[in-house]
There are 2 protein chains.
Amino acid sequence: MTELEQYIKSYFGVVNADDLTTIVSLFNLTTIKKGDFLLKAGRRCDNLSFVQSGLLRMFISTDEKEITQWISTKGYFSTDLSSFVFETPSRLSIQALTDTEVYSITKADYKKIGELVPKWHELEKLFIVRCFIILEERIFSHLSMTAEERYDYFFENNRELFNQVPLQYIASMLGMTPETFSRIRKKQLL
Amino acid sequence: MTELEQYIKSYFGVVNADDLTTIVSLFNLTTIKKGDFLLKAGRRCDNLSFVQSGLLRMFISTDEKEITQWISTKGYFSTDLSSFVFETPSRLSIQALTDTEVYSITKADYKKIGELVPKWHELEKLFIVRCFIILEERIFSHLSMTAEERYDYFFENNRELFNQVPLQYIASMLGMTPETFSRIRKKQLL
DNA sequence: TTTTGCTCTTGACAAAAATCAAGAAATCAT
DNA sequence: ATGATTTCTTGATTTTTGTCAAGAGCAAAA
């Protein structure tokens with residue numbers, strides 16, 4: 001069983017082995033060079049991508065700055081959900097922070113899964129509910145925690161990331177400036 | 001067509017009129033008195049409720065304070081999604097801010113909808129995707145805006161709410177103290 | 001009406017976080 | 001390896017937001 005199969009199984013709980021093989025066959029492995037874009041804001045996001053190796057940064061550009069929304073590591077799915085589902089122009093850009101291997105599926109092929117696997121929509125629903133809950137949690141962290149508490153919490157759960165990506169992106173993702181991030185970091189190292 | 005039918009149609013886009021009638025028949029209208037709880041944290045949330053009239057406040061209690069997560073007005077669905085879907089104890093409490101009429105459906109009856117209406121899981125998925133996108137938007141507001149900007153944005157889109165609920169709850173929902181809220185408010189009135 | 005709670009406002013002050021600017025450290029490309 | 005970028009740190013300062021405390025305004029209850 002490939003890693004993609006394992007991840008799909010653990011996220012969606014697909015039972016039938018044949019279905020799983022069919023689903024995975026609709027994905028294509030591609031490599032994105034460091035700095036290249038998997039998606040540029042304004043375009044329609046026609047892909048759902050699974051990170052096999054490497055790192056992807058999702059961000060939104062405003063007049064003044066880029067806001068990093070999330071960094072996807074191995075095992076994450078990455079897409080602009082709004083654009084992918086409703087076929088609207090995306091607000092997000094997705095850029096590779098290192099050479100990154102992704103398994104991608106087009107919207108057209110993704111639709112086929114729903115036709116092939118009767119239970120798919122239900123499994124998908126449960127998957128999205130889990131994503132929703134993670135976002136709720138994240139909102140709560142902004143309503144109830146200081147920058148330092150958010151740092152600590154994130155650090156405990158994502159240590160690996162801290163020596164793999166530019167820290168400014170993590171700072172942005174946590175809703176603080178690089179300077180504040182750096183000062184909190186210093187404090188925690190003592 | 002009842003209002004509940006209309007809202008379900010607009011949120012889920014159910015086509016068949018018979019299906020719609022069946023779905024709505026699974027909901028029960030009840031009234032919650034001002035101050036009473038629709039859900040208490042720690043219990044399992046066995047209901048999905050649709051606000052017909054009145055106001056519900058969803059909040060999470062921490063050691064020091066209550067964090068208002070959301071205020072549901074007429075036309076909103078309200079539940080602890082995590083608890084409702086995965087049948088875990090809820091973190092949220094839901095309390096009526098005024099006498100409130102809700103159409104409620106139990107988890108058991110909700111499951112029946114999926115059996116009765118073949119396309120239901122797909123429609124439900126699309127509904128949850130829309131909810132997901134709203135949360136993404138909200139996170140973005142915390143990553144990129146000041147308290148004042150969040151106030152302005154929320155005020156523009158929810159003026160009605162400002163003279164219907166204690167302002168401290170809106171303040172909490174926007175991630176600021178009542179004092180900060182009050183000062184921003186004063187500024188905007190001039 | 002008067003009392004009793006809330007809720008909201010205001011001021012003074014403290015703490016947290018942002019900004020600006022400069023320099024150090026790390027990384028990349030040649 | 002060397003120079004050029006980019007990223008990170010640090011200090012000084014300002015702005016934003018939170019805390020504490022007191023009082024005003026309102027609304028519900030007696």
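Reminder, nothing fancy here: chain letters follow the sequence lines and each chain counts from 1.
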When the distance from CD1 of A:I184 to C1' of C:dA16 is rounded to whole Å, what number comes out? 9 Å
How many Å lie between CD on A:E148 and C1' on C:dA17, as a whole number? 12 Å
Checking contacts here: which listed nucleotide (C:dC8, C:dC28, C:dT10) is nearest the side-chain heavy atoms of B:Q168? C:dC8
Side chains of B:Q52 and B:Y7: donor-acceptor distance under 3.5 Å anywhere? no
Check the distance between C:dT7's P and B:N163's CG and give it to me in whole angstrom. 17 Å
Expressed in angstrom and rounded to an integer, what is the separation of B:L97 atom CG from C:dT7 atom P? 10 Å
Mind calculating the distance between CZ (B:R183) and C1' (C:dA12) to the nearest angstrom? 9 Å
Does the side chain of B:V165 reach to within under 4.5 Å of the side chain of B:L55, using non-hydrogen atoms? yes
Taking atom P of C:dA17 as reference, at what distance in whole Å does atom NE2 of B:H142 sit? 14 Å
So where does chain A start and stop touching DNA chain D, 5' to 3', when the test is distance under 4.0 Å to a non-hydrogen atom? D:dT7 to D:dA12
Counting only heavy atoms not in B:K74, do more than 12 fall under 6.0 Å of its NZ? yes
Whole angstroms only, please: what is the NZ-C1' distance between A:K33 and C:dC28? 16 Å
Determine whether A:F155 and A:I184 make a side-chain contact, defined as any pair of heavy atoms from C-beta on separated by less than 4.5 Å. no
Please compare A:E179 and B:F181 by the position of their nearest nucleotide in DNA chain D and report the one closer to 5'. A:E179
Could you please name the option among C:dT19, C:dC8, C:dA18 that lies closest to any side-chain atom of A:M176? C:dA18
Cationic tip of B:R159 within the cone over B:F162's six-membered ring, i.e. under 6.0 Å and within 45° of the normal? no
Do side-chain atoms of B:E122 reach the backbone of B:K119 as a donor and acceptor pair under 3.5 angstrom? no
Which part of the nucleic acid, if any, lies within contact of B:K34, taking any heavy atom under 4.0 Å across all strands shown: a base, the sugar-phosphate backbone alone, or nothing? nothing
Figure out the NZ/C1' separation between B:K187 and C:dG11, and round it to whole Å. 16 Å
Determine, for B:Y110 and B:K107, whether the Lys NZ or Arg CZ falls below 6.0 Å from the six-membered ring centre while staying within 45 degrees of the axis. no
